[in-house]
Amino acid sequence: MVAPLYKLHCLLKRARMLLLCLGIAYLMAGSILLLQRSSIRVAQPNLASLPPLLSLAAPPTALRTTGLGVRARSRWATIQAVSGGGAKAGRHWPASRSLGVQHLHRRWFHSLLPESPEQRMSLHRNSRHKGTYIGCFLHNASDRALGGTMLYDLRKMTSSLCQDTCSESGYQFAGLEYGAECHCGNRISSPRAPEEDCSLVCRGERGSPCGGVGRLSIYKVEEQLPGHRKFRNVHYRGCFKLLKSTIVTFPIDSFQPNLTTQSCIETCTDKELPLAVFKRPHCFCTWTSSLFSLTQQSDNQQCVENATLNHTTTSAPPTSTERDHYQVYHTPVLDSRCKERMFLPQRSSSLVALSSFPGAGNTWVRHLIELVTGYYTGSFYFDGTLYNRGFKGEKDYWKSGRSICVKTHESGQKEIEMFDSAILLIRNPYRSLMAEFNRKCAGHLGHATDAQWKSKEWPEFVSSYAPWWASHALSWLKFGRRLLVVHYEELQRALLPQLRLITAFLNVTMTEERLLCAQSNQDGHFKRSGALRPSFDPFTPDMRQIIDSFIHTVDQALQSRNFSGLPQEYLPR
């Protein structure tokens, strides 16, 4: 009796082991099947030899030290291996070596190609946009399809966003490349490419073609009637007295009996020229040059008198004298000579900080510095959003010496003394606190809601960050070796003089063309709109009492170091 029971017991043990092995085998088979499916989806011809994709790690949350908020450093990127296996897909991809290098530079932030030819072909049917899809065009170093302005949004780019931006900037065509870059222009200057070359989808939507490697998916934006087009970044340059012999050399001369400011700006924008120069009934379009420097500017009254004279002279156009006064406007077109930016050609042994309290306009000032110098700015941190929107120095090691200056919000003695000099950017603490709270709640360009302003987070934020606003400025005034103090409000009021001070401090030779380009594109695509402010005053009397005391403290510290005090509008004095 014992023997049969023993045999049954052994049989059951073997059965359990067999079932366990079968279960493990089943799980392994399922895993292998999933891996095979994923490898089939990502397999791409001619790309198997490329390195693995890079994806940015999520930055740590802000740290709190002794009651003051401090942004944590996060400079790490994780490497995620992606199979480039030998599955044969039915897609065509440009096989040239130069295009492969371009793709290598950007591949880490792009999504995969469509899963099937049918899905790829459905891109054009499902795209949601206001304008008309024109086609796929070459766009590389030798053949530039669109020569106007360019912007990045490597996380949320959509065809509608690109078209709206180009339309607001006065362009007729919008082109998307690499799934995330938007190019604008008023004429297409390159030949067509096969439609399958524009097989990347937009990062912000899955239903629109967004170009490819050296390829643009181009749309004709929604047409607007003449005189009804609204432009971004149009700035009045001033009144200038110019020689007739100089005017005739300008590339565009348009005679318009009913000339208006709007019509002249439209004419020059359509011709992709950055300056509109006019004296009724003549509209001239040209490039930026030293002819339009501040030292050459005349009294605006001279141009007003000229305009009045032209309106009263109805029988015939007035005869031009050897010199005449002309009104000059910057069109939305960014001068092509100001587009290119690079790292310093030689590594600098001197580290320059661009230091500010968060929300003081550091991103805006970086944009201006890059525009006026032509060199990238770096960062003590890594912000993937800013990198995605064109700040290429964001990814570079901050001590590399390749950046013209390095963004930082640090205020500790050790961190301050790591820099040889610094631009200390100061902004009204009321505005800075609101800007940083907006950023925390809604990103670099968004706005907090009324509910968020009324939440418990706002008083806690003020009690923590208001002391930091003061301690940040006081620490840099105490431990900074060589300082240039720049007030955000002064930069808004007198942009060009302040930019001259900054470039002189950075020891950069600045051309007049770049200075004018910075003025014409001063807002860029990085400045938060002033709209959508809270419908009520978020600062309580207790908050104001504390903040005002900090303003007085910083003001006195500045004057004790022989700097100019804080601007008058910080307090109702």
Side-chain angles (χ1 to χ4, degrees), residues 127 129-141 143-154 156-190 192-193 198 200 202-205 208-212 214-224 226 228-235 252 265-276 285 287-288 329-341 367 370-371 388-390 445 517-518 520-527:
S127 62
H129 50 79
K130 300 177 182 178
T132 304
Y133 179 74
I134 302 297
C136 183
F137 291 82
L138 292 175
H139 190 74
N140 50 41
D143 291 302
R144 306 290 291 179
L146 298 177
T149 190
M150 178 180 70
L151 75 148
Y152 303 85
D153 194 334
L154 306 187
K156 300 179 181 178
M157 179 59 70
T158 66
S159 61
S160 295
L161 171 62
C162 183
Q163 290 181 62
D164 289 343
T165 301
C166 293
S167 178
E168 290 173 1
S169 298
Y171 293 102
Q172 299 179 30
F173 296 101
L176 296 115
E177 183 181 17
Y178 299 117
E181 296 181 8
C182 175
H183 299 258
C184 307
N186 282 316
R187 56 181 177 270
I188 303 173
S189 305
S190 70
R192 284 183 178 270
C198 291
L200 286 175
C202 295
R203 294 289 289 176
E205 61 183 339
S208 300
C210 255
R215 302 292 187 269
L216 285 187
S217 297
I218 296 183
Y219 297 85
K220 179 75 165 62
V221 302
E222 187 178 32
E223 294 188 12
Q224 294 176 322
H228 290 79
R229 295 162 66 183
K230 296 181 180 179
F231 299 116
R232 293 183 57 184
N233 293 329
V234 173
H235 299 282
I252 301 297
I265 291 172
E266 284 189 7
T267 298
C268 296
T269 301
D270 290 342
K271 300 298 182 181
E272 293 188 359
L273 288 168
L275 289 182
C285 308
W287 304 99
T288 55
Y329 280 83
H330 282 291
T331 72
V333 178
L334 179 62
D335 195 315
S336 59
R337 293 170 293 181
C338 304
K339 289 179 185 177
E340 298 301 324
R341 303 175 195 182
H367 163 71
E370 291 192 0
L371 202 57
N388 291 344
R389 295 184 71 83
L445 300 178
C517 286
S520 64
N521 193 45
Q522 57 186 281
D523 290 343
H525 301 285
F526 308 105
K527 196 174 180 183

Original post:
So, H139 side chain and A145 main chain: donor-acceptor pair closer than 3.5 Å or not?
Top reply: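 Present.
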Original post:
Counting N and O atoms only, with roles assigned by atom type, does the side chain of N186 sit under 3.5 Å from a partner on the main chain of T269, one being a donor and the other an acceptor?
Top reply: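 Yes: the side chain of N186 pairs with the backbone of T269.
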I'd like to check [X] versus [Y] (side-chain heavy atoms, cut-off strictly below 4.5 Å). Are they in contact?
{"X": "L371", "Y": "R341", "answer": "yes"}
{"X": "Y171", "Y": "V221", "answer": "no"}
{"X": "F173", "Y": "K220", "answer": "yes"}

Point-to-point distance, once rounded to the nearest 0.5 Å, from [atom1] of [X] to [atom2] of [Y]:
{"X": "E181", "Y": "L200", "atom1": "CD", "atom2": "CG", "answer": "11.0 Å"}
{"X": "Q172", "Y": "L146", "atom1": "CD", "atom2": "CG", "answer": "11.0 Å"}
{"X": "T331", "Y": "D270", "atom1": "OG1", "atom2": "CG", "answer": "10.0 Å"}
{"X": "S160", "Y": "Y219", "atom1": "OG", "atom2": "OH", "answer": "8.5 Å"}

**OP:** Begin from the C-alpha positions of I134 and R192 and carry the test side-chain contact (heavy atoms from CB on, under 4.5 Å) through to its verdict.
**Re:** CA-CA 10 Å; I134 302 297; R192 284 183 178 270; 3.9 Å; yes
**OP:** Among M157, E177, Q163, find the residue that satisfies the side chain to side chain contact (heavy atoms under 4.5 Å, CB included) test when tested with C182.
**Re:**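 Exactly one pass, corresponding to M157.
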Original post:
What do the steps show when you test C166 against C184 for disulfide (SG to SG under 2.5 Å), and what is the final call?
Top reply: CA-CA 5 Å; C166 293; C184 307; 2.0 Å; yes
Subject >> Those residues that, when tested against S190, pass side-chain hydrogen bond (donor to acceptor under 3.5 Å, both in side chains) (two or more places apart) >> reply: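 side-chain hydrogen bond (donor to acceptor under 3.5 Å, both in side chains) list for S190, sorted by chain: empty.
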Subject >> Nearest non-hydrogen partners of C162 and L176, listed with the distance >> reply: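 In this case the closest contact between C162 and L176 is CB-CD2, 3.8 Å.
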Original post:
Would the SG atoms of C210 and C198 measure under 2.5 Å apart?
Top reply: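 No, C210 does not link to C198 through a disulfide.
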**OP:** Please lay out, stage by stage, how L275 and C285 fare under the test side-chain contact (heavy atoms from CB on, under 4.5 Å).
**Re:** CA-CA 6 Å; L275 289 182; C285 308; over 6 Å; no
